[in-house]
2 protein chains.
Amino acid sequence: MQKVDVYKLIERMAALIRSEERKRCTEMGLQVVHLQVMDYLSRCNKYSNTPVALTNYLGMTKGTVSQTLLLLERKGFVRKEADLADKRMVHLYLTEEGQLMLGQAYPSDLFSNAGLFLEAHNPDLTEEPFINALTALQKAHKSNSFGLCKTCKFFTHTNDGFLCGLTKETLTQSDSEKICQEHTLL
Amino acid sequence: MQKVDVYKLIERMAALIRSEERKRCTEMGLQVVHLQVMDYLSRCNKYSNTPVALTNYLGMTKGTVSQTLLLLERKGFVRKEADLADKRMVHLYLTEEGQLMLGQAYPSDLFSNAGLFLEAHNPDLTEEPFINALTALQKAHKSNSFGLCKTCKFFTHTNDGFLCGLTKETLTQSDSEKICQEHTLL
DNA sequence: TATGCCCTGTTTCGATTCGAAACTAAATGG
DNA sequence: CCATTTAGTTTCGAATCGAAACAGGGCATA
């Protein structure tokens with residue numbers, strides 16, 4: 001029963017992160033959503049860089065996502081590309097400017113500083129409990145878990161690399177380390 | 001160097017929590033900010049239930065906070081009370097309706113379900129690494145840490161209870177377990 | 001191949017948020 | 001006693017937000 005309190009702690013961390021993000025965005029003249037969108041696009045794999053995936057990931061309506069993308073496109077941070085196979089679909093990419101802006105707006109120094117503190121004061125800390133907490137949260141989260149490709153139940157190793165058991169396509173190392181909307185826990 | 005990755009995991013959890021919050025808010029006809037404000041008011045102590053504290057906690061401008069509070073007041077979720085000592089200040093309280101709404105909108109079942117998973121699959125998991133991670137993040141966070149009163153360096157025990165070394169006031173058990181804007185790490 | 005349904009994404013609407021800047025009023029501090 | 005700081009409000013224009021209607025591509029089934 002004390003275990004539940006782990007999530008109180010995680011919420012507190014989430015609140016701090018949110019606050020930092022908001023300040024950064026304000027400084028850069030962005031909205032928080034913009035940062036979230038660009039961050040997602042920089043981390044998701046080729047199956048997941050579509051407006052619908054974004055809609056599910058962020059928990060917004062598709063109309064709102066469409067609007068936000070329009071603005072990000074207008075500002076030159078995001079580029080759209082029609083899917084060749086399915087003409088309904090659109091793939092989203094960060095432009096050079098988008099990547100640059102993301103790098104500036106993202107509170108990476110907060111995390112690296114916190115990481116340094118952690119390393120200095122708790123040298124024997126491991127990632128394991130955090131991985132377990134994330135997995136439990138993904139399971140409790142009703143809809144898609146949006147996990148890393150390589151932790152998916154459809155992810156398999158082959159002679160010459162990696163394979164997605166769902167799409168039957170081969171995957172690069174980089175693919176396997178990105179967020180996938182089809183991610184399914186074991 | 002692997003330690004830094006702990007925060008990648010925490011970010012992923014934060015993103016999932018955010019997504020769930022947004023969905024809940026939409027269902028209840030609220031904006032995410034409203035939930036954040038009400039959640040904060042339900043957790044903060046008597047020194048920290050003011051618009052400025054909210055402004056710092058959420059990382060928004062005071063104008064925006066003022067607007068948001070106006071709306072929450074109009075909807076009957078929040079009540080304002082002038083400070084008796086300092087007439088510039090205002091104290092904010094959740095109304096009965098506000099508490100009720102917060103209870104409904106808050107994704108508490110997500111956390112309790114996740115807690116159950118965690119308990120079932122990792123019975124020997126402790127809170128310690130999470131406390132350490134939060135403390136490190138609070139230290140890295142430049143501005144106020146917004147920690148729990150009882151973890152503050154000004155918090156002291158006396159014969160008949162608790163005392164805040166900053167305001168020299170006695171504190172109740174409940175006070176000591178709430179968020180304080182004056183919170184300072186050791 | 002035609003019909004109907006589902007899916008992806010856009011558009012439009014009105015209410016709300018957001019940040020910026022100007023503002024009021026109260027406290028503070030020489 | 002006056003300048004400065006601090007708490008909070010007001011006003012403005014741009015952007016967000018959700019809801020609902022819409023357009024059009026896929027796909028199954030007849």
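The basis for the numbers below is simple: all heavy atoms, side chains too, and nothing from hydrogens, waters or symmetry mates. Convention: sequence-line order gives letters A, B, ...; per-chain numbering from 1.
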### Query
For B:Thr26, which contact category applies under a 4.0 Å heavy-atom criterion: base, sugar-phosphate, or nothing?
sugar-phosphate
## Note on the structure
5'-most to 3'-most nt of DNA chain D touching chain A (<4.0 Å, heavy-atom partner on protein side) reads D:dA15 to D:dG26
## Note on the structure
Side-chain atoms of B:Met60 come closest, of C:dT17, C:dG9, C:dG19, to C:dG19
### Query
Between the main-chain N or O of B:Leu58 and the side-chain N or O of A:Arg22, is there a donor-acceptor pair closer than 3.5 Å?
yes
### Task
Determine the contact category for A:Thr64: base if any of its heavy atoms lies under 4.0 Å from a base atom, sugar-phosphate if only primed atoms, P, OP1 or OP2 are that close, otherwise nothing.
base
### Query
So, is A:Lys80 close to the C:dT10 phosphate, meaning a side-chain N or O under 4.0 Å from OP1 or OP2?
yes
### Query
With a 4.0 Å cut-off on heavy atoms, is A:Lys87 in touch with a base, just the backbone sugar-phosphate, or nothing at all?
sugar-phosphate
### Query
Pick one: which of A:Leu72, A:Leu102, A:Val32 meets side chain to side chain contact (heavy atoms under 4.5 Å, CB included) with A:Val37?
A:Leu72
### Residues A:His34 and A:Thr68: side-chain donor-acceptor under 3.5 angstrom
no
## Note on the structure
When rounded to whole Å, the CZ to C1' distance for the pair A:Arg74 and C:dT10 reads 14 Å
### Query
With distance as the sole criterion, is a donor-acceptor pair present between the side chains of B:Tyr57 and B:Gln36 under 3.5 Å?
no
#### Entry: Side-chain donor/acceptor of B:Asn113 to backbone N/O of B:Asp109, under 3.5 Å
yes
#### Entry: Nucleotide C:dG9, atom C1' - distance to CG of A:Asp86 in whole Å
11 Å
### Task
Please assess A:Arg74 against A:Leu71 for the test side chain to side chain contact (heavy atoms under 4.5 Å, CB included), listing each intermediate value before the final yes or no.
CA-CA 5 Å; A:Arg74 213 160 55 224; A:Leu71 185 131; 3.7 Å; yes
#### Entry: 5'-most by nearest nucleotide on DNA chain C - B:Val33 or A:Met89
A:Met89
### Message
Once you apply a heavy-atom cut-off of 4.0 Å, does A:Ala85 come out as touching a base, just sugar-phosphate, or nothing?
### Response
sugar-phosphate
